[in-house]
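The analysis underlying the following values was restricted to heavy atoms, covering all of them including side chains, and did not include hydrogens, waters or symmetry mates. Numbers here simply count residues along the sequence, with the first being 1. This one's a predicted model, so the numbers in the text were calculated from it and none came from an experiment.
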Amino acid sequence: MQNGCSFLIFFRSRLCHAIFCVALLHAIAPAYAQDSSKVDAVPVCVQNQKDLPDLLRSWMHKPPKPPKISSGSLLLVPAVGSNPANGFLIGVAGQYAFKTKGANSLYSSINGSLNFTTKKQILLQIKNNAYVKNNKFFLSGDWRFLIFSQATYGLGTNAPEGGALDYQFDLNGISVNDDSLTQPMEYNQIRFHQTISKNVGKSWYVGFGYHLDYYYAIVDLKLDTTIPIYTSHYAYSKQYGFNPRQYIRSGLSLNVVYDTRDNLVNSYKGQFININYRLDPKFLGSTRDGNMLLLEWRSFFPLSKQNPRHSMNFWFLGNLSPVGDMPYLALPAIGYDQRGRSGRGYTQGRYRGPNWLYAESEYRFPISDCGGVLGGVLFVNATSTDKPDRSVRLFDYVAPGYGFGLRLMVDKYSRTNLQVDFGFGKNSSGVYFGAAETF
């Protein structure tokens with residue numbers, strides 16, 4: 001009971017911070033962004049929008065392809081590369097955007113990737129965000145099977161102090177790197193997160209979900225050296241009563257969603273709010289009782305009536321949990337959001353802690369003339385997390401990131417872009433590839 005009360009007191013304090021930040025951004029944005037309700041129903045540049053297939057047909061002197069707005073769009077990207085963490089990597093990543101039956105049905109998407117490496121790693125991820133039954137239900141899922149190795153750096157935004165990270169690469173939410181500051185680990189992971197929410201009003205959805213995270217065959221590699229170095233993962237696990245070789249989180253969640261986006265693949269306008277409270281009791285298979293609160297807010301403001309690819313956009317994420325409830329690898333961290341896109345400028349898992357706040361702002365703009373296929377983005381982000389012993393609290397340290405990227409329109413109906421971003425953080429940088437937008 002004491003743990004629950006302390007969590008409520010802490011949560012109330014941090015929630016006030018979060019609500020204040022969201023309200024401030026929401027109040028400031030309209031000052032320089034046009035009211036999305038005043039944007040024409042079909043802006044001029046949207047009517048004239050071209051995509052990569054249109055360009056290819058034009059270069060081959062073929063007539064434009066008749067529109068098939070109701071059909072799905074599949075984008076597949078080969079993945080070939082080499083790096084110290086994986087060895088040689090080969091695989092495929094992609095996105096399928098589609099509409100279900102219904103006059104007002106919104107676009108849905110399934111993202112996935114499958115990669116194999118010469119270090120005997122298997123990386124399989126499938127993410128779904130779908131509207132079904134003419135938008136009566138909203139489904140959101142994150143499924144993963146990883147035979148994997150990933151470094152950890154300790155807990156708190158100041159860990160580890162000093163030093164520079166090597167360059168890293170990211171493909172659809174899987175990032176790799178190799179540097180002297182890391183605490184290397186190997187582990188296998190099975191994840192099944194799936195929520196379903198029912199429409200209860202014009203833009204409101206309420207529902208529930210099931211969440212499973214099973215981490216096993218965990219190896220703290222620095223424990224295997226001649227002189228063992230006790231890693232942050234090992235020390236945390238021993239302190240809070242987790243087996244450092246394996247643990248399970250299994251629980252149910254309550255979910256509230258507010259969504260006025262015009263397109264979830266690539267939003268030109270609207271708002272998205274997601275509040276998810278997850279409870280992991282032992283009787284459902286969890287290693288120990290635990291709970292976590294997820295807060296997410298996205299907002300999109302078009303800056304041009306004729307070309308809504310000019311837009312100013314905001315993203316806020318917060319994960320809050322009582323100290324010691326979650327096992328180490330399940331603690332909130334950069335790149336652990338559903339699509340693995342947070343924290344451009346840093347490697348996945350770079351900053352981790354029981355409580356984690358993240359904010360990002362992105363300016364999207366066309367590079368080509370009206371209706372052209374090329375676009376660009378400029379972005380800034382900030383991360384703050386804490387330590388279990390409270391020697392580092394939220395906002396004691398903030399890790400900033402910034403960068404730019406290019407977009408190539410590959411399907412104008414679903415607004416699917418192929419993306420490449422260059423991110424820079426504190427003593428860190430990276431290249432990030434993917435389909436659709438970061439948020």
Tell me, do K426 and R350 make a side-chain contact under 4.5 Å, heavy atoms counted? no

Check whether the ring centres of Y96 and F98 lie less than 6.0 Å apart, and answer yes or no. yes

Within-4.5 Å side-chain heavy-atom neighbours: Y336 and Q348: yes

Do R144 and K127 have side-chain heavy atoms sitting under 4.5 Å apart? yes

Honestly, is R344 close enough over F439, meaning NZ or CZ under 6.0 Å from the six-membered ring centre and within 45° of the axis? no

Would R339 and Q125 count as having a side-chain donor-acceptor pair, cut-off 3.5 Å? no

Give every residue pair that meets the salt bridge (Lys or Arg N to Asp or Glu O under 4.0 Å) criterion with at least one member in residues 186-195, sequence neighbours excluded. D142-R191, R191-D213

Nearest heavy-atom contact between T157 and T383 is CG2-O, 3.7 Å

Between E360 and S342, is the side chain to side chain donor-acceptor pair (under 3.5 Å) condition met? List the steps. CA-CA 8 Å; E360 180 164 332; S342 59; over 6 Å; no

For I218, which residues count as a side chain to side chain contact (heavy atoms under 4.5 Å, CB included) partner, sequence neighbours excluded? M185, Y187, Y215, H233, Y247, L329

Got more than 12 heavy atoms from elsewhere within 6.0 Å of OH, Y216? yes

Could you tell me which residues satisfy side-chain hydrogen bond (donor to acceptor under 3.5 Å, both in side chains) with Y363, sequence neighbours excluded, listed by chain and number? H310

Any donor-acceptor pair under 3.5 Å from Y258 side chain to S203 backbone: no

With a 3.5 Å distance limit and no angle check, can you tell me whether S267 reaches the backbone of F300 through a side-chain donor-acceptor pair? no

Set out, in order, the CA-CA distance, both residues' side-chain angles and the distance that settles side chain to side chain donor-acceptor pair (under 3.5 Å) for Q194 and N128, then state yes or no. CA-CA 9 Å; Q194 188 66 53; N128 63 79; 3.1 Å; yes

Which pairs with one or both residues in residues 398-409 pass side chain to side chain donor-acceptor pair (under 3.5 Å), sequence neighbours excluded? R407-D421, R407-E437

Step-by-step side chain to side chain donor-acceptor pair (under 3.5 Å) determination, T152 to Y328: CA-CA 10 Å; T152 183; Y328 189 94; 2.6 Å; yes

For the backbone of P354 and the side chain of S321, can you confirm whether one donor and one acceptor N or O come within less than 3.5 Å of each other? yes

Set of side chain to side chain contact (heavy atoms under 4.5 Å, CB included) partners for I147, sequence neighbours left out: I122, F145, N188

Within 45° cone of Y214 ring axis and under 6.0 Å: R249 NZ or CZ: no

Derivation and outcome, side chain to side chain donor-acceptor pair (under 3.5 Å), residues S250 and H211: CA-CA 6 Å; S250 174; H211 306 261; over 6 Å; no

Return the minimal non-hydrogen interatomic distance between P332 and W356, and the atom names on each side. CB-CB, 3.5 Å

Value for OH (Y210) from OG (S253), rounded to nearest 0.5 Å, stands at 11.5 Å

Between atom OG of S361 and atom CZ of F379, what is the distance when rounded to the nearest 0.5 Å? 11.5 Å

Close side-chain approach of M326 and N319, heavy atoms under 4.5 Å: no

Which one of D51, V373, N48 satisfies the side-chain contact (heavy atoms from CB on, under 4.5 Å) criterion with K412? D51

For S149 and Q121, which heavy atoms make the closest approach, and how far apart are they? OG-NE2, 2.5 Å

For D411, all residues meeting salt bridge (charged side-chain N to carboxylate O under 4.0 Å, His left out), sequence neighbours excluded: none

I want to check something: taking the side chain as every heavy atom from C-beta on, are N255 and F138 in contact at a cut-off of under 4.5 Å? no

In chain order, what residues pass the salt bridge (charged side-chain N to carboxylate O under 4.0 Å, His left out) check against D337, with sequence neighbours excluded? none

Within the distance-only criterion (no hydrogens, no angle test), does the side chain of S368 pair as donor or acceptor with the backbone N or O of L374 below 3.5 angstrom? yes

Name all residues meeting the side chain to side chain contact (heavy atoms under 4.5 Å, CB included) criterion together with S109; count only those two or more places apart in sequence or in a different chain, and write none if there are none. Q95, N111, N129, L264, V265

Could you list the residues that satisfy salt bridge (charged side-chain N to carboxylate O under 4.0 Å, His left out) with K50, not counting sequence neighbours? none

Side chains of I367 and L406, heavy atoms from C-beta outward: is any pair under 4.5 Å? yes

V257 versus I273: any side-chain heavy-atom pair under 4.5 Å? no

Looking just at side-chain N and O atoms, do S311 and N313 make a donor-acceptor pair shorter than 3.5 Å? yes

Kindly compute the distance separating OG1 (T195) from CZ (F208), expressed to the nearest 0.5 Å. 9.5 Å

Looking only at heavy atoms, which two atoms of E296 and W315 are closest? And how far apart? OE2-NE1, 3.0 Å

Excluding sequence neighbours, so at least two apart, what forms side chain to side chain contact (heavy atoms under 4.5 Å, CB included) with F404? L378, F422, F424

Does any pair with a residue in residues 192-211 pass salt bridge (Lys or Arg N to Asp or Glu O under 4.0 Å), and if so which ones, sequence neighbours excluded? none

Donor-acceptor pair, side chain of S384 and main chain of F395, under 3.5 angstrom: yes

I need the L357 CG to T385 OG1 distance, nearest 0.5 Å. 8.0 Å

Sequence neighbours excluded, every pair satisfying disulfide bond (SG atoms under 2.5 Å apart) that has a member inside residues 340-374: C45-C370

Can you name the closest pair of heavy atoms from F365 and V377 and give their distance? CE2-N, 3.6 Å

Under a plain distance cut-off of 3.5 Å, with no hydrogens placed, do S105 and N134 share a side-chain donor-acceptor pair? no

Going from CG on N276 to CG on N274, what distance comes out if it is rounded to the nearest 0.5 angstrom? 6.0 Å

Nearest heavy-atom pair of Y268 and P308: which atoms, and what distance? CD1-CG, 3.5 Å

Measuring from atom CG of N381 to atom CZ of R341, what distance do you get when rounded to the nearest 0.5 angstrom? 14.0 Å

S428 side-chain N/O to G345 backbone N/O, donor-acceptor pair under 3.5 Å: yes

Is a side-chain donor-acceptor pair under 3.5 Å present for Q271 with S299? yes

Check whether any side-chain N or O of N263 sits under 3.5 Å from a backbone N or O of R415 as a donor-acceptor pair, and report yes or no. no

Identified side chain to side chain donor-acceptor pair (under 3.5 Å) counterpart of S232 within the set K387, R352, Q183: Q183

V200 side chain reached by Y205 side chain, heavy atoms, under 4.5 Å: no

